[in-house]
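Report on the following structure.
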Amino acid sequence: MSVRVRYAPSPTGQQHIGGIRTALFNYFFARAGGGTFILRVEDTDRERSTPDALEDLYATLTWLGVEYDEGPGMDGGYGPYVQSERKQIYREKADELVITGKAYPCFCTSERLDALRKEQKAARKNIGYDRHCREISPDEAAARIEAGEKHVIRLKVPLEGKTVFEDILLGQTGRKNKDINPDPVMLKTDGFPTYHLANVVDDHLMKITHIMRAQEWIPSGPLHVLIYNAFGWAPPAYCHLPMVMGKDGQKLSKRHGSTTVSEFRKAGYLPEALVNYVSLLGWSYDDSREFFSKNDLCELFSLEKINKSPAVFDYRKLDWFNGQYIRMKNPEILKTDLLPILMSDGIISDPPSPEQIDIFNGAFPIIRERLKLLNDITPMLRFLFADPGIGNAEDAIPKKMDAAGAAVALKAGLELLSAATEPPVVGDEDACAAWDEERDADFRRAAEEKEWKIGAMLQPLRLAVTASKVSPPLFPAIRLLGLKESLKRTERLITALENM
RNA sequence: GUCUCCAUCGUCUAGUGGUUAGGACACCGGGUUUUCAUCCCGGCAACGGGGUUUCGAUUACCCCUGGAGAUGCCA
């Protein structure tokens with residue numbers, strides 16, 4: 001029997017790290033074993049499901065490059081794949097359970113349930129439904145339903161015995177039936193199923209072979225098995241994935257930092273970096289390899305290498321991966337990622353002018369190895385497209401020098417630049433490199449003559465041109481900015497220093 | 001409260017009945033460098049505790065401790 005797995009998110013918020021980790025593992029498992037990967041939208045919570053969240057789901061999967069074989073818009077004969085469109089199926093299945101005596105209608109109001117819970121909490125007793133309606137006779141129940149009384153359908157959980165399931169990672173686990181939620185709701189008052197019913201019914205109807213989901217679902221494993229049993233179905237194989245935690249060991253959440261894929265995307269992370277890093281949360285290949293493309297994972301992924309213990313999400317390692325992937329990325333493709341950022345940040349016009357494209361292309365090689373996030377490009381290149389002002393003139397003064405000294409050093413630099421030839425056009429790489437070399441030689445010679453450190457000449461100049469202590473390499477920066485503008489900014493800083 | 005799961009450097013992890021317990025990130029130091037970054041070299045740092053089995057346990061088993069998760073007409 002070929003593998004059929006699914007990712008079954010509920011569209012109640014943006015896709016987050018934990019969710020897509022589950023999606024990825026299911027996807028890789030399907031691909032590695034020639035199986036089928038299914039997307040199922042579990043929107044049975046009418047209160048919380050939103051169109052925005054649904055849109056985010058599709059956008060996220062597309063961005064990550066996760067393609068599903070069956071799902072909304074990709075019918076494989078088991079649709080529909082959106083649970084709200086399957087309402088009738090659950091209704092029938094719930095009725096079936098009532099008829100076979102595996103479930104019963106419950107007329108308790110949520111007010112009564114709230115009061116009950118409060119009472120139990122105060123008495124420090126076990127929390128849960130008191131099975132108040134379990135013994136109502138079928139006739140009475142039918143009559144009350146007939147009369148229009150609101151009700152839910154609850155599963156009749158056996159009072160005795162134990163229910164276990166086999167987990168690929170954990171082995172056999174389970175719990176005594178008396179420890180399972182007392183008679184959980186299968187069908188809500190609004191006629192929609194709860195997660196438990198819909199999930200089991202769909203997994204069975206869609207012929208799912210393996211359920212891979214986070215370990216937070218372990219406690220409902222036995223309950224689900226009970227539901228399968230009630231229908232007379234065989235449960236699929238289970239594989240509960242280790243959870244993703246924050247720095248403090250608690251379930252990863254907003255207070256730890258970014259958690260949604262869209263946030264990472266907006267912050268300038270590459271999908272290949274995120275996929276690679278997230279895949280290593282609870283899974284590993286061997287003791288040395290840690291770079292994996294999506295295609296690698298589609299081949300190499302295996303259940304045996306999944307870890308049992310929870311993993312802490314390390315933002316810094318993700319950053320490192322991102323820097324690595326930026327440097328590995330095809331330059332032309334990387335440029336198409338970078339340009340829109342400069343446009344939306346208002347650094348260059350939209351569409352960019354030919355001059356702006358030239359400057360960008362010229363700057364690209366020198367900033368590429370400096371980027372950790374794509375968005376880092378904006379602060380790095382701003383000075384090339386707009387006058388950054390003087391900045392903090394104090395920063396122009398090298399160690400063991402004063403403002404006057406810095407002004408003198410700057411003047412020397414100004415002279416050298418004034419005497420320089422006009423920089424070549426961006427396309428001519430050899431000429432550009434040569435020009436940069438010549439400037440370097442000029443400044444070294446001058447520094448040596450005057451017995452200055454070269455840094456003492458370049459620091460004030462760097463500040464003059466970029467208004468920052470930190471910048472891309474200076475001579476390429478000057479070349480791209482243009483001699484005229486560079487000299488203007490230099491003169492301006494000299495004046496400022498002399499007036500300090 | 002009850003139930004369940006988990007336990008190797010700060011973090012992600014590899015690994016074994018006998019190893020100097022390996023790698024990566026982070027951190028620290030050094031080199032390259034006009035700053036920053038990249039890159040290179042080096043360093044720091046772990047088997048939670050107690051028992052049992054065994055010639056020998058980080059590795060198997062038990063207990064403890066610690067952490068987490070679940071206890072909804074949310075998923």
Side-chain angles (χ1 to χ4, degrees), chain A residues 8-10 12-13 42-45 47-49 106 108-110 113-114 117 120-121 123-129 150-154 167 169-170 173-176 178-182 184-190 192-196 198-199 214-222 240 242-243 245 247-251 277 280-291 305 307-321 323 327 366-372 376 380 440 443-444 447 453-459 461-463 466 468-475:
Chain A
S10 65
T12 54
E42 305 213 327
D43 58 346
T44 55
D45 185 341
E47 299 281 303
R48 298 196 308 146
S49 295
C106 164
C108 295
T109 60
S110 38
L113 264 16
D114 286 347
R117 200 164 305 135
Q120 287 168 331
K121 210 162 192 175
R124 287 190 164 186
K125 288 205 298 193
N126 285 5
I127 302 169
Y129 181 54
K150 286 206 160 152
H151 65 283
V152 300
I153 305 290
R154 287 182 183 273
D167 187 283
L169 251 35
L170 275 24
T173 46
R175 51 210 307 209
K176 298 191 185 86
K178 71 176 175 62
D179 294 324
I180 293 176
N181 284 1
V185 172
M186 297 286 103
L187 204 70
K188 308 182 231 182
T189 318
D190 63 5
F192 275 82
T194 57
Y195 165 80
H196 303 294
N199 194 261
Q215 281 182 1
E216 58 187 323
W217 292 108
I218 291 176
S220 36
H240 286 94
M243 310 233 312
M245 313 303 235
K247 189 97 195 141
D248 57 1
Q250 316 261 112
K251 212 164 139 180
Y277 177 65
L280 260 15
L281 253 25
W283 180 85
S284 64
Y285 183 64
D286 62 16
D287 61 346
S288 54
R289 182 170 174 189
E290 60 179 348
F291 279 97
K305 301 294 285 181
N307 228 72
K308 287 199 283 191
S309 43
V312 174
F313 190 87
D314 185 351
Y315 290 88
R316 289 183 298 189
K317 186 142 190 180
L318 205 214
D319 285 351
W320 175 78
F321 264 115
R327 267 161 250 130
I366 60 176
I367 49 95
R368 189 163 88 118
E369 64 201 21
R370 274 158 245 268
L371 296 173
K372 199 154 235 158
D376 290 341
M380 269 178 208
D440 187 70
F443 275 76
R444 275 179 203 288
K453 285 192 143 180
I454 182 122
M457 286 189 79
L458 294 180
Q459 187 180 328
L461 190 57
R462 165 169 286 109
L463 202 94
T466 70
S468 168
K469 280 201 292 191
V470 177
S471 83
L474 193 46
F475 298 126

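Computation of the quantities below employed the complete heavy-atom set of this structure, encompassing side-chain atoms and omitting hydrogens, waters and symmetry-equivalent molecules. Note that the structure is a prediction, hence the values are computed from the model and not measured. Letters go in sequence order (proteins before strands), and every chain restarts at 1.
Remark: the separation of the C1' atoms in A45(B) and U8(B) is 12 Å, to the nearest Å. G50(B) and U58(B) have their P atoms separated by 10 Å, with the value rounded to a whole Å. Spacing between G22(B) and G15(B) at atom P, rounded to whole Å, works out to 14 Å. When the C1' atom is compared between C12(B) and A26(B), the two are found 11 Å apart, to the nearest whole Å.
Pairing partner, A68(B): U4(B), with both Watson-Crick or wobble hydrogen-bond distances short of 3.5 Å. C74(B) is unpaired under the Watson-Crick or G-U wobble criterion, no partner having all donor-acceptor distances under 3.5 Å. Pairing for U11(B) goes to A24(B), judged as Watson-Crick or G-U wobble with the two contacts each under 3.5 Å. Figure legend. A45(B) is base-paired to no nucleotide; pairs are counted as Watson-Crick or G-U wobble with both atom distances under 3.5 Å.
Residues forming a salt bridge (charged side-chain N to carboxylate O under 4.0 Å, His left out) with Glu216(A) (at least two apart in sequence, or on another chain): Lys251(A). Listed by chain and number, the residues in a ring-ring contact (aromatic ring centres under 6.0 Å, His included) with Phe192(A) amount to none (sequence neighbours excluded). With sequence neighbours excluded, the residues satisfying ring-ring contact (aromatic ring centres under 6.0 Å, His included) with Phe321(A) are Phe291(A). For the side chain to side chain contact (heavy atoms under 4.5 Å, CB included) test, no residue two or more places apart in sequence or in another chain qualifies with Lys121(A). Applying the side chain to side chain contact (heavy atoms under 4.5 Å, CB included) criterion to Thr109(A), with sequence neighbours excluded, gives Glu111(A), Arg112(A). Annotation: salt bridge (charged side-chain N to carboxylate O under 4.0 Å, His left out) contacts of Arg289(A) (sequence neighbours excluded): Asp296(A). Phe443(A) is linked by a ring-ring contact (aromatic ring centres under 6.0 Å, His included) to Phe475(A), counting only residues two or more places apart in sequence or in another chain. When the side chain to side chain contact (heavy atoms under 4.5 Å, CB included) test is applied to Pro473(A), the partners found at least two apart in sequence or on another chain are Ile366(A), Arg370(A), Pro476(A). With sequence neighbours left out, Lys150(A) forms a side chain to side chain contact (heavy atoms under 4.5 Å, CB included) with Thr189(A).
Residue Arg117(A) is in sugar-phosphate contact alone, with no base atom involved, counting any heavy-atom pair closer than 4.0 Å across all strands shown. Nucleic acid contact for Lys121(A): none, since no nucleic acid atom lies under 4.0 Å from a heavy atom of the residue. Here Asn307(A) lies in heavy-atom contact (under 4.0 Å) with sugar-phosphate atoms only. No engagement by Ile180(A) is indicated, since no non-hydrogen atom pair under 4.0 Å with the nucleic acid exists. Within 4.0 Å (heavy atoms only), Pro242(A) reaches no atom of the nucleic acid at all. Residue Thr44(A) is classed as a sugar-phosphate contact, given heavy-atom separations below 4.0 Å to backbone atoms only. Counting non-hydrogen atoms under 4.0 angstrom, Gln250(A) reaches the backbone sugars and phosphates but no base. Within the 4.0 angstrom heavy-atom criterion, only backbone atoms of the sugar-phosphate kind lie near Ile454(A); the bases stay farther away. Within the 4.0 angstrom heavy-atom criterion, only backbone atoms of the sugar-phosphate kind lie near Met245(A); the bases stay farther away. Among the heavy atoms of the strands lying under 4.0 Å from Val152(A) is at least one base atom, whether or not backbone atoms are also near. Within 4.0 Å (heavy atoms only), Met380(A) reaches no atom of the nucleic acid at all. The residue Pro472(A) sits close to a base: some heavy atom pair falls under 4.0 Å. Using a 4.0 Å heavy-atom distance criterion, Gly282(A) is classed as a sugar-phosphate-only contact. Within 4.0 Å (heavy atoms only), Arg289(A) reaches no atom of the nucleic acid at all.
Within the structure, every side-chain polar atom (N or O) of Arg48(A) is placed at least 4.0 Å from both OP1 and OP2 of A75(B). Under 4.0 angstrom from either OP1 or OP2 of G67(B) there lies no side-chain N or O belonging to Lys247(A).
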Please write out each protein N/O paired with an N/O of nucleotides 15-21 of chain B under 3.5 Å, distance rounded to 0.1 Å.
unit_1 : atom_1 : unit_2    : atom_2 : d
G15(B) : OP1    : Lys305(A) : NZ     : 3.2

Below 3.5 Å between N/O atoms, which protein atoms pair up with nucleotides 1-6 of chain B? Just atom names and distances, please.
unit_1 : atom_1 : unit_2    : atom_2 : d
U2(B)  : O4'    : Asn126(A) : OD1    : 3.4
C3(B)  : O2'    : Arg175(A) : NE     : 3.1
C3(B)  : O2'    : Arg175(A) : NH2    : 3.2

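Here the P atom of nucleotide U35(B) and the CE atom of Met457(A) are 15 Å apart, to the nearest Å.
With respect to Arg48(A) and Asp45(A), a salt bridge is recorded, a charged nitrogen being found less than 4.0 Å from a carboxylate O.
One can find a donor-acceptor pair under 3.5 Å joining the base of C73(B) and the side-chain atoms of Thr189(A).
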Q. Along nucleotides 23-30 of chain B, 5' to 3', which nucleotides get a B, which get an S, and which get a -, given that the test is a protein heavy-atom distance under 4.0 Å?
A. SBSS----
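You'll find the ring centres of Trp320(A) and Tyr315(A) outside the 6.0 Å limit.
A donor-acceptor contact shorter than 3.5 Å is absent between the side chain of Ser284(A) and the backbone of Asp286(A).
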